[in-house]
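A short worksheet on the structure shown next.
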Protein chains: 2
Amino acid sequence: MSSSKLLKGSLAIIVLRLLEEQEKMYGYEITQKVKELTAGEFKITEGALYPTLHKLEAEGYLTTETQLVDGRVRKYYSLTKEGNAEAKAKVSELEEFILSLQKVLNPKLGTL
Amino acid sequence: MSSSKLLKGSLAIIVLRLLEEQEKMYGYEITQKVKELTAGEFKITEGALYPTLHKLEAEGYLTTETQLVDGRVRKYYSLTKEGNAEAKAKVSELEEFILSLQKVLNPKLGTL
DNA sequence: TCTTATACATAAGAAAATTAGGTATACTTT
DNA sequence: AAAGTATACCTAATTTTCTTATGTATAAGA
C-alpha cells in the first residue's frame, strides 16, 4: 500500500472490510475500489496485495473462484464464515486503535 | 509498540508529537506518557522505542541532553528546528491517512 | 533479600511493506 | 501495424519496523 508507508497490518483489514460490503471481489478490483474510495490517496501495490490475499486464503478466511472474463482470468475472493468473524474482529480492533492513536495525537480532546 | 501490532511508522510520529507538547522528554517517560494517554492500550516496547529515538536523532530531528537524576541516568530528547517541521508534517500526514482509512472502513459516510 | 520500578541499550528474528521484475490479453492511439 | 495503456495475475529481493529476548545498572518497597 502506498500513501507514504503508514499502517502495517491494515491492508488485510481493508480487504476483509471490502468483502463484507461486497460478496465477491478480485484483486485488481480491490485496488481500484480502494483508489476510488480514497480519491486516489491509497494505492494498493500488487506486491502487497497478492501475498496478503494468499495469506488470508491460507488462513481460511477467504475462498477463491476463478472465472474467465473477456479472455482474461479473474480470481474472485469471498469471505468464509471464519473470514466474516475475522473481519468484524479486526475492523473493530483497528477502530479502537485509531481512537487510541487520536488520544496521543490530540491529548487535549481527552476521552471524547 | 504493542496493542496488536497495528501501525507501522506511527511510533516515530507519536514521539515527535509528544515532544511538540512537552519540550523535553526521556525514553522511559515517553513509554509512561503513552500508556497514560491511552489508558494502557498502547505499550511502547523499549526494543522499538530506543532505536526509533536514535534514528530520529541521527536524522537531525532530535537533540539529546543527559542528566543524572537520583543516581540514574536520563537522556532527554528535544525537537530541533527540523524536528519541529517534521512533527507538523508527519502528524498531518498521519491524520490524513486516518481519514482515508475511515473512508475505506466506512464507505457509507463518504467524505464526511 | 528479592522483586518491582526506573532507565538505558542492543541483537535476532518476524512481519509487512516497497520496488522491481515477469507473464498475458484487450483496447486505444499513432 | 506498432506501441502504449489498461486489465489481470504472480513472485523475489530488499527494506523498514516491529516483537522478543537479553544485558547492564540503580532505587525503592515488600
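Chain letters run A, B, ... following the sequence lines, proteins first and then strands; every chain starts at 1.
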Report the nucleotide, chosen from [options], that has the shortest atom-to-atom distance to any side-chain atom of [X].
X       : options               : result
B/Tyr50 : C/dA9, D/dT7, D/dT17  : C/dA9
B/Glu46 : C/dA9, D/dA8, D/dC18  : C/dA9
B/Tyr26 : D/dC18, C/dA7, D/dT7  : C/dA7
A/Lys55 : C/dA16, D/dA8, C/dA17 : C/dA16
B/Arg74 : D/dC18, C/dT19, C/dA7 : C/dA7
B/His54 : D/dT20, C/dA9, D/dA8  : C/dA9

Margin query: Check the phosphate of D/dC18 against B/Thr52, side-chain N and O only, distance under 4.0 Å to OP1 or OP2. Yes or no?
Written below: yes
Could you tell me whether the phosphate oxygens of C/dA9, OP1 or OP2, come under 4.0 Å of any side-chain nitrogen or oxygen in B/Lys75? yes
Assert: residue with more 5' nearest nucleotide on DNA chain C, out of A/Ala12 and A/Gly71, is A/Ala12
The residue among B/Thr64, B/Thr52, B/Thr63 that forms side-chain hydrogen bond (donor to acceptor under 3.5 Å, both in side chains) with B/Glu57 is B/Thr64
Has B/Thr80 got a side-chain atom pairing as donor or acceptor with B/Gly60's backbone, closer than 3.5 angstrom?
yes
Discussion item. I'd like to know if the side chain of A/Arg17 reaches the main chain of B/Leu105, judged simply by a donor and an acceptor atom lying under 3.5 Å from each other, with no hydrogens or angles considered.
Written reply: yes
Reckon A/Arg72 touches a base, only the sugar-phosphate, or nothing at all at heavy-atom distances under 4.0 Å? base
### Message
Heavy atoms only, 4.0 Å cut-off, all strands: where does A/Gly27 land among base, sugar-phosphate and nothing?
### Response
sugar-phosphate
Figure out the [atom1]/[atom2] separation between [X] and [N], and round it to whole Å.
X       : N      : atom1 : atom2 : result
A/Gln32 : D/dT5  : CD    : C1'   : 13 Å
B/Leu68 : C/dC8  : CG    : C1'   : 13 Å
B/Lys90 : D/dT17 : NZ    : C1'   : 14 Å
B/Glu57 : C/dC8  : CD    : P     : 13 Å
B/Leu53 : C/dA9  : CG    : P     : 8 Å
A/Glu59 : C/dA15 : CD    : C1'   : 12 Å

Under 4.5 Å between side-chain heavy atoms, hopping through other hydrophobics if needed: is there a path connecting A/Leu79 to A/Tyr76? no
message = In this structure, would A/Tyr26 and A/Leu37 fall into the same cluster of hydrophobic residues linked by side-chain contacts under 4.5 Å?
response = no
DNA chain D nearest-nucleotide lookup for A/Val69 and B/Asp70: closer to the 5′ end is A/Val69
